[in-house]
Amino acid sequence: MNTDYLQSSNSAEKLSIGQRIKKRLLELIDLGYQRENEHFTIETIKEDVDFRGSRIWILVCAILIASLGLNVNSTAVIIGAMLISPLMGPIIGFGLGLGISDFELIKRSLRNLALITLFSVLTATIYFVLTPLSKAQSELLARTTPTVYDVLIAFVGGVAGMVAIGSRNKGNVATGVAIATALMPPLCTAGYGLSQLNWSFFFGAFYLYIINSVFIGLGTYVMVRALKFPRKAFIDKERERHIRRLVTFIAVSTIMPSIYFAFLLVQDSVREDGAHRFVSEHLSSPRVQVIRERLSKSRDGYSLEVVLLGKEFEETYIDSISTLMPRYGLDDTKLIIKQGFEDGKGQELNVDELRSVVLQDLYANSERIIKQQQREIDSLKQVLSRQSRYSRLSGEVNAEARMLFPEIDRITFAPAASAESYQDSVLIVLVDRSRKLSAMDEKRFDGWLLERSKAPKLNVIYK
């Protein structure tokens, strides 16, 4: 008798329900499950760090595709460019180098990261200099200002990427991380800013790229240490201490400024959220339309500018709600209200600015409605295409069926009009027959009809 099995069975029986649940939960979230050999993972990442030959050309092509997508405001094209982009290699390599104290890997990663950054920005700059389309579309504008969400996405993306690389079942996580963290569009936007000599575009987009890169590396570093990858060993202990101090210095000098800037982004995000809540609670009403709210920062501090249409607020009310601003995290923020034809100080409202704001709001709403209508049109086109296809096929199938199965009088296709995609729909087939088919003939008929109609599923109804 197997005594080990009996002992394990007895010990399992002694566990309480809570302990069994805890054990099962720990097994489910165990990072060691299907884990790849650490040395194999390290070598795989190292091979992906260097950029030479074809990888450089792939990068250039991806940058050109992304620049085209940004230029024509096509999200699908931008995603396609990110799918083929090989930008993640040096960033993951940098995080791994920090985690295993491999100074040579850190140097290689930073050197290659600088190289691909230079190639990317130069390629995008050349494209935007040559292209006749120079207007900044919404996809370009979205890549000029980093937010706290960019930081969180980059960090979690780095964690997910390292977990996937360190697992035998890698799946398509690396591709998803490349799309989610969006490293390529900021580089293209930086190239656009450089081509137009628009330094706010250039530095804003480049800052977003640096923030994303650093926090992907930080997420990778955290997972390398969590997975307990072996640190690089040195024969010379004095050199080991020197390398460890150098790696620590690089890590701190790279990560700490980014954490500080991320903290500032969090503060700005909280302040913007507070400004929105303040406006919606105190300045928005059924008789007053908020045309625009803009929180801006200058040398004198923050200012919240709100453009209103409708019933004008009295000066006493504006003064009273101004005192409530600190409750919304808007300390030292100046409230500027523009309403009616004057701003309360005898100065005329900038009508051109008001017209611009109204047009922007109208354009945004129109664009949303157009996209929704386009989706509905595409869905109807699919339905009409299916109906047309089965209408053409009906005559052919009826003639063939009467030759192959004399019992069949008529076949009618009835594709479901509510189905949104042909691949997921069930084709309903109505069959008129002069007499009942045998079980074998019915099976043969169903198989022939499935093959002839090329439908994924059939629901044959015999009359």
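Note that the coordinates shown come from a computational prediction; the quantities given were computed from them, not determined experimentally.
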Looking at [X] and [Y], would you say the former's side chain and the latter's main chain have a donor-acceptor pair under 3.5 Å?
| X | Y | answer |
| --- | --- | --- |
| Arg55 | Asp48 | yes |
| Thr333 | Asp331 | yes |
| Arg108 | Lys46 | yes |

Taken in chain and number order and not counting sequence neighbours, the residues that satisfy side chain to side chain contact (heavy atoms under 4.5 Å, CB included) with Asp273 are Arg277
Looking only at non-hydrogen atoms, find the nearest pair between [X] and [Y] and report the distance.
| X | Y | value |
| --- | --- | --- |
| Phe51 | Leu115 | O-CD2, 4.0 Å |
| Val49 | Gly89 | CG2-O, 3.9 Å |
| Ser109 | Pro90 | CB-O, 3.3 Å |
| Ile63 | Ala124 | CG2-N, 3.8 Å |
| Leu295 | Ala275 | CD2-CB, 4.4 Å |
| Glu293 | His276 | OE2-CA, 3.3 Å |

For the residue pair Ser120 / Tyr209, report whether a side-chain donor-acceptor contact shorter than 3.5 Å exists.
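Tyr209 vs Ser120: no donor-acceptor pair found between side chains.
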Are [X] and [Y] side-chain neighbours, meaning at least one heavy-atom pair lies under 4.5 Å?
| X | Y | answer |
| --- | --- | --- |
| Met162 | Phe229 | yes |
| Leu218 | Phe155 | yes |
| Leu105 | Phe94 | no |
| Phe128 | Leu194 | no |
| Ile336 | Val306 | no |

Between [atom1] of [X] and [atom2] of [Y], what distance do you get to the nearest 0.5 Å?
| X | Y | atom1 | atom2 | answer |
| --- | --- | --- | --- | --- |
| Leu330 | Glu272 | CG | CD | 10.5 Å |
| Leu96 | Thr220 | CG | OG1 | 8.5 Å |
| Ile91 | Ile45 | CD1 | CD1 | 13.0 Å |
| Ile126 | Ser67 | CD1 | OG | 10.5 Å |
| Leu59 | Phe119 | CG | CZ | 8.5 Å |
| Ile106 | Leu113 | CD1 | CG | 13.0 Å |

Start with the C-alpha distance between Val279 and Leu304, add both sets of side-chain angles, then the distance that settles side chain to side chain contact (heavy atoms under 4.5 Å, CB included), and finish with yes or no.
CA-CA 9 Å; Val279 171; Leu304 175 59; 4.1 Å; yes
For Tyr328, what residues pass the ring pair (Phe, Tyr, Trp, His ring centres under 6.0 Å) criterion, not counting sequence neighbours?
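Tyr328: ring pair (Phe, Tyr, Trp, His ring centres under 6.0 Å) contacts with Phe278, His282.
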Show your reasoning for whether side chain to side chain contact (heavy atoms under 4.5 Å, CB included) applies to Val224 and Arg231.
CA-CA 10 Å; Val224 167; Arg231 294 182 184 270; over 6 Å; no
Can you tell me how the ring of Phe206 sits relative to the ring of Phe202, calling it parallel under 30°, perpendicular over 60° and tilted otherwise?
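Ring orientation, 0 to 90° scale: parallel.
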Are there more than 12 heavy atoms of other residues, nucleotides or ligands under 6.0 Å from atom CZ of Arg327?
no
